[in-house]
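The block underneath contains the structure these notes are about, expressed in structure tokens.
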Amino acid sequence: MNLMSHISDAIEELIQNKEIEVVSQGKNRYIVKSSSLWIDTSQNYYVRVLLSDLRKIFAKYSRPFQLFDFYGKLLLSIGFDTKAYHLSQEQMAERWNLNRGTVRNYIYTLEDLNLIYVYRCQCRYPDSQQVVGHFYGRFRDREEIEKTAEEYLRTIKAVPIREDSRRKHQSVKKRYKAFVGGAKKYREDPELILELYRECQSYNDFYYLYKNKKPELAEEYGYSPLDLSPFDPYLDSFGIQPTTITIKEDAKQELCTTED
């Protein structure tokens with residue numbers, strides 16, 4: 001079913017539910033009116049979504065309705081004063097009846113579109129192994145989000161999780177090598193490929209961060225960039241433009257035994 005069919009079905013559903021009234025209708029044209037679409041902004045809680053945001057989602061993503069629904073729910077959760085939403089991806093998945101992988105992919109996609117900004121804390125609570133959740137908000141409010149997050153981390157005296165990040169990135173490298181080597185689990189699950197692609201993007205972001213700002217940690221952790229070009233044949237089906245980096249021959253990752 002193409003996009004126009006989805007839009008037509010949605011309009012018909014609104015008509016059947018008496019949410020809108022058709023004033024005039026052509027082959028692919030509707031003029032409608034509806035009193036139910038108006039809200040009292042002084043009484044009702046609402047979120048403003050720009051037309052440009054909607055165009056970005058529908059132009060760039062292969063499943064725009066689901067992504068737009070998630071985007072709306074995320075915006076509705078943002079605080080008026082802090083401009084940020086502080087909740088783990090597990091809690092988002094439970095609250096909105098999604099799996100964690102889907103939540104993660106939606107977040108990365110909205111980041112790619114510059115619709116949201118994510119402050120990744122990379123910390124845990126003191127005297128606990130519980131990781132501090134990230135802070136989310138509109139991309140244009142990123143300075144306020146950073147201010148809110150940093151103030152919160154100071155308040156709780158958060159502890160950096162350098163070693164936890166190291167283990168996570170080692171895991172990403174291992175799964176990347178398995179994917180490049182033709183692991184069966186990736187051949188049978190395209191969503192798993194997209195999830196791994198996002199994690200490899202994040203890994204490369206950390207590499208360049210450490211390379212530019214903390215070169216001693218890059219050397220200590222053995223970071224080297226991952227070549228994302230093996231993902232290119234799969235990205236078009238997800239509505240993603242390939243973002244590859246050039247890897248020097250001596251920096252390429254060696255393949256390992258594939259996973260089943």
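Not measured: the values here are computed from a predicted model. Only heavy atoms go into these numbers, but all of them, side chains included; no hydrogens, no water, no symmetry mates. One is the number of the first residue; the rest follow in order along the sequence.
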At what distance, to the nearest 0.5 angstrom, does [atom1] of [X] lie from [atom2] of [Y]?
{"X": "Leu194", "Y": "Phe231", "atom1": "CG", "atom2": "CZ", "result": "9.5 Å"}
{"X": "Leu98", "Y": "Arg104", "atom1": "CG", "atom2": "CZ", "result": "12.5 Å"}
{"X": "Arg120", "Y": "Asp205", "atom1": "CZ", "atom2": "CG", "result": "8.0 Å"}
{"X": "Glu199", "Y": "Arg175", "atom1": "CD", "atom2": "CZ", "result": "4.0 Å"}
{"X": "Leu87", "Y": "Phe135", "atom1": "CG", "atom2": "CZ", "result": "10.5 Å"}

Inset, instruction - Let me know which of Ile116, Asp53, Ile145, Leu115 forms a side-chain contact (heavy atoms from CB on, under 4.5 Å) with Arg138. - result: Asp53
Legend entry - Step-by-step side chain to side chain contact (heavy atoms under 4.5 Å, CB included) determination, Asn105 to Arg198: CA-CA 7 Å; Asn105 290 334; Arg198 297 301 193 186; 3.8 Å; yes
Heavy-atom closest contact ([X] atom, [Y] atom, distance):
{"X": "Val159", "Y": "Pro126", "result": "CG2-CA, 4.1 Å"}
{"X": "Ile78", "Y": "Lys83", "result": "CG2-C, 3.3 Å"}
{"X": "Val132", "Y": "His86", "result": "CG1-CE1, 3.9 Å"}

Out of curiosity, does [Y] fall in the hydrophobic cluster containing [X] (side-chain heavy atoms, cut-off under 4.5 Å, transitive links)?
{"X": "Val118", "Y": "Tyr152", "value": "no"}
{"X": "Leu76", "Y": "Val49", "value": "yes"}
{"X": "Ile107", "Y": "Phe65", "value": "yes"}
{"X": "Tyr71", "Y": "Trp96", "value": "yes"}
{"X": "Leu113", "Y": "Tyr85", "value": "yes"}

Legend entry - Note, Arg142 side chain near Asn114 side chain (heavy atom, < 4.5 Å):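 Of all side-chain heavy-atom pairs linking Asn114 with Arg142, none is under 4.5 Å.
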Inset, instruction - May I ask you to test the Tyr136-Leu110 pair for a side-chain heavy-atom distance under 4.5 Å? - result: no
Legend entry - Phe179/Tyr234 aromatic ring centres below 6.0 Å: yes
Inset, instruction - Look only at the side chain of Asn204 and the backbone of Leu226, and say whether a donor-acceptor pair between them is shorter than 3.5 Å. - result: yes
Counting only heavy atoms not in [X], do more than 12 sit closer than 6.0 Å to its [atom1] atom?
{"X": "Asn17", "atom1": "CG", "result": "yes"}
{"X": "Glu13", "atom1": "CD", "result": "no"}
{"X": "Lys147", "atom1": "NZ", "result": "no"}
{"X": "Glu150", "atom1": "CD", "result": "yes"}

Legend entry - Nonpolar side-chain network containing Ile31, other nodes, edges under 4.5 Å: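 Result for Ile31 is Val23.
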Legend entry - Residue pairs fulfilling ring pair (Phe, Tyr, Trp, His ring centres under 6.0 Å) with at least one residue in residues 104-133, sequence neighbours excluded: Phe70-Tyr106
Inset, instruction - Name all pairs fulfilling the ring pair (Phe, Tyr, Trp, His ring centres under 6.0 Å) condition that reach into residues 8-29, sequence neighbours left out, sorted by first residue then second. - result: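 Pairs touching residues 8-29 that pass the test: none.
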Inset, instruction - For side chain to side chain contact (heavy atoms under 4.5 Å, CB included), just list the numbers for Met92 and Leu74, CA-CA rounded to whole Å, side-chain angles, deciding distance to a tenth of an Å, and then say yes or no. - result: CA-CA 9 Å; Met92 289 186 200; Leu74 187 60; 4.2 Å; yes
Inset, instruction - Check the pair Tyr176 / Tyr203 against ring pair (Phe, Tyr, Trp, His ring centres under 6.0 Å), numbers first and verdict last. - result: CA-CA 11 Å; Tyr176 168 81; Tyr203 174 95; 8.5 Å; no
Legend entry - Side-chain donor-acceptor contact under 3.5 Å, Asn99 with Thr102: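 The criterion, which ignores hydrogens and geometry beyond distance, is satisfied for Thr102 and Asn99.
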